[in-house]
Amino acid sequence: MANRTDPAAKSIRGTNPQNLVEKILRSKIYQNTYWKEQCFGLTAETLVDKAMELDHLGGTYGGNRKPTPFMCLVMKMLQIQPEKEIVIEFIKNEDYKYVRVLGAFYLRLTGTDVDVYRYLEPLYNDYRKLRRKLADGQFTLTHVDEVIDELLTKDYSCDIALPRVKRRWNLESLGSLEPRRSALEEDFEEEEEKEDNDQPADELEDRAYEKDYYRGRSPTRERERDRRRDSHRHRDRDYDRDYDRDYDRDRDRDRDRDRDRERDRDRYRLREEKDYGREREGRERDRRDRDRDRGRRRSRSRSRSRSKDRKDYDGGDYRKRHARSSASPRRHGDGHEDDEPKKKKEKKEKKEKKDDGTDHPDPEIAEANKLRAALGLKPLKV
């Protein structure tokens, strides 16, 4: 609640007045002890007392960038938004110079272009000294007119980005502002008139140089000189801004070029990796195909050898070859050992046939014995 803008406050430049201060600086002000203790509950009337107690101006200082009391009071004015008449009275106050600078700084943030030039340019004639706290916490000496010149010509002041204002000659061409008048213009005119009246006619030629000198310092020429100096100053600012813009554009172009080069390099590297991966996959595929073909040939040769061995075994040649190729000596030395099992087998088959009764001379009994043998019954014995 203590940091909220006054509900009756009007938006400035289309935003909340407190948003004219950067977010980081605004949060530092809210956390500052001076803001919590001295600025709580201040109004436009009681703010003057706190402004009269100021003894220096500045933005932030120290390692943790603490805000100065001057910045806290500027923030408080943005929060409560005093009336324009009160701000003008701050600026016209000649007794307290820091009150004048406080009002000028607030008007530079919130005022219109015409009001800024109209109320701040007369302060060029104030040459009183001011104490300013730097970022390292040290104090330096400055003057009121230097602070006003900074507010009118610079983009930053006291760590705050100042809103942009139109150039003075643009406002003069539009008729919003009158040409600037020097405070010494009347003195110059009176001095020229007095010298013209005092000097006799015969001494005019002898004093031509002095007259030209004073004519060179006439208010009109001084006004033209001030306008020329302001134009050169703004031209320098425009040149610096254009130079910074060109430098940023060149830097962005170099950054984009480096980014494109890195992207092309990555794309080429990915293409090489893909090509290498394809080549590797092709080599692996060829090797698998060769292994598969080799395995097929081996399996085919094995199947052929097996079929050949089976044919040899089935035809009885295997035993003959084995017996022929065997180098082991025979046990008994006779060649009828292989025929003995066959004879025994034939005798056994004949005996079984005789026991079945299927070889009975009577065909009917032989057929009946076959049926009984198939059923597992004993043969008929007749």
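Just so you know, residue 1 is the first one in the sequence shown, and it goes up from there. All values below were derived from every heavy atom in this structure, side-chain atoms included, with hydrogens, water molecules and symmetry-related copies excluded.
Shown here are the side-chain hydrogen bond (donor to acceptor under 3.5 Å, both in side chains) partners of Asn64, two or more places apart in sequence or in another chain: there are none. For the side-chain hydrogen bond (donor to acceptor under 3.5 Å, both in side chains) test, no residue two or more places apart in sequence or in another chain qualifies with Arg283. Considering only residues two or more places apart in sequence or on other chains, Asp293 meets the side-chain hydrogen bond (donor to acceptor under 3.5 Å, both in side chains) condition with none of them. The ring-ring contact (aromatic ring centres under 6.0 Å, His included) check on Tyr30 picks up Trp35, with sequence neighbours excluded. Residues that satisfy the side-chain hydrogen bond (donor to acceptor under 3.5 Å, both in side chains) test with Tyr34, not counting sequence neighbours, are absent from this structure. Judged as a ring-ring contact (aromatic ring centres under 6.0 Å, His included), and not counting sequence neighbours, the contacts of Phe105 are Phe70.
Rounding to the nearest 0.5 Å places CZ of Arg168 at 11.0 Å from OG of Ser176. To the nearest 0.5 Å, atom CG of residue Leu78 and atom CD1 of residue Ile12 are 6.5 Å apart.
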*Under the side-chain contact (heavy atoms from CB on, under 4.5 Å) criterion, do Val87 and Tyr119 qualify, and how do the steps go?*
CA-CA 10 Å; Val87 178; Tyr119 293 107; over 6 Å; no
*CA sep, side-chain torsions, deciding dist, call: Thr60, Leu25, side-chain contact (heavy atoms from CB on, under 4.5 Å)*: CA-CA 8 Å; Thr60 57; Leu25 180 57; 3.3 Å; yes
*Would you please test Asp289 and Arg292 for side-chain contact (heavy atoms from CB on, under 4.5 Å) and show each step?*
CA-CA 5 Å; Asp289 294 339; Arg292 191 182 299 109; 2.8 Å; yes
*asked:* I'd like to know whether Asp264 forms a salt bridge (Lys or Arg N to Asp or Glu O under 4.0 Å) with Arg267, so could you lay out the CA-CA distance, the side-chain angles of the two residues, the decisive distance to 0.1 Å, and finally the verdict.
replied: CA-CA 5 Å; Asp264 295 338; Arg267 190 181 298 113; 2.8 Å; yes
_Under the criterion side-chain contact (heavy atoms from CB on, under 4.5 Å), I'd like the reasoning laid out for Ser11 against Asn16: C-alpha separation, chi angles, the key distance, then a yes or no._
CA-CA 5 Å; Ser11 62; Asn16 191 340; over 6 Å; no
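A continuous path of ILVMFWY side-chain contacts below 4.5 Å connects Tyr98 to Ile88, so both sit in one hydrophobic cluster. The hydrophobic cluster containing Leu102 does not contain Tyr61, counting ILVMFWY residues as joined when their side-chain heavy atoms lie under 4.5 angstrom apart, directly or transitively. Each of Val21 and Ile24 belongs to its own hydrophobic cluster when Ile, Leu, Val, Met, Phe, Trp and Tyr are linked at side-chain heavy-atom distances under 4.5 angstrom. The same ILVMFWY cluster, assembled from side-chain heavy atoms under 4.5 Å apart, contains both Ile86 and Leu123.
Under the 3.5 Å distance criterion, the side-chain polar atoms of Thr46 are left unmatched by any main-chain donor or acceptor of Leu42. Put simply, the side chain of Tyr117 gets close to the backbone of Lys166: a donor and an acceptor are under 3.5 Å apart. Here the side chain of Gln81 pairs a donor or acceptor atom with the backbone of Lys10 at under 3.5 angstrom. Thr68 places a side-chain N or O within 3.5 Å of a backbone atom of Gly59 that can act as its donor or acceptor partner. With hydrogens and angles disregarded, a donor-acceptor distance shorter than 3.5 Å links the side chain of Asn369 to the backbone of Ile365.
Under the salt bridge (Lys or Arg N to Asp or Glu O under 4.0 Å) criterion, the residue pairs touching residues 62-75 are Arg65-Asp159, with sequence neighbours excluded. Under the salt bridge (Lys or Arg N to Asp or Glu O under 4.0 Å) criterion, no residue pair touches residues 22-33, with sequence neighbours excluded. Within the structure, salt bridge (Lys or Arg N to Asp or Glu O under 4.0 Å) pairs that include any residue of residues 97-111 comprise Arg100-Asp126 (at least two apart or interchain). Pairs engaging residues 75-86 under the salt bridge (Lys or Arg N to Asp or Glu O under 4.0 Å) rule: Lys84-Asp115 [sequence neighbours left out].
Closest non-hydrogen pair, Pro82 versus Tyr106, comes out as CD-OH, 3.8 Å. Of all non-hydrogen atoms in Leu73 and Cys39, the two that sit nearest each other are CD2-SG, 4.1 Å. Nearest heavy-atom pair, Arg132 versus Ser157, reported as atom, atom and distance to 0.1 Å: NH2-OG, 4.1 Å.
Thr112 places none of its side-chain heavy atoms less than 4.5 Å from the side chain of Val116. In this structure, the side chains of Thr5 and Pro17 come closer than 4.5 Å at one or more pairs of heavy atoms. Counting heavy atoms from C-beta on, the side chains of Gln18 and Met75 come closer than 4.5 Å. Here the side chains of Leu162 and Tyr156 are not in contact, with every heavy-atom distance at 4.5 Å or above. The side-chain heavy atoms of Ile160 and Leu20, taken from C-beta on, include no pair separated by under 4.5 Å. The shortest side-chain heavy-atom distance between Asn170 and Arg167 falls under the 4.5 Å cut-off. Leu109 has its side chain within reach of Val74: a pair of non-hydrogen atoms, C-beta onward, lies under 4.5 Å apart.
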List the atom pairs, with distances to 0.1 Å, where a side-chain N or O of residues 138-148 and a protein N or O form a donor-acceptor pair under 3.5 Å, not counting sequence neighbours.
residue: Thr142; atom: OG1; partner: Glu146; partner atom: OE1; Å: 2.8

Contacts under 3.5 angstrom, residues 47-58 side chains, donor-acceptor by atom type, not counting sequence neighbours:
residue: Lys50; atom: NZ; partner: Gln38; partner atom: OE1; Å: 2.6

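Using a cutoff of 4.0 Å between basic side-chain nitrogens and carboxylate oxygens, Arg261 and Asp258 are scored as salt-bridged. Between Arg257 and Asp260 there is no salt bridge, since no side-chain N of the basic residue sits under 4.0 Å from a carboxylate O of the acidic one.
More than 12 heavy atoms of other shown residues, nucleotides or ligands fall within 6.0 angstrom of atom CD in Glu284.
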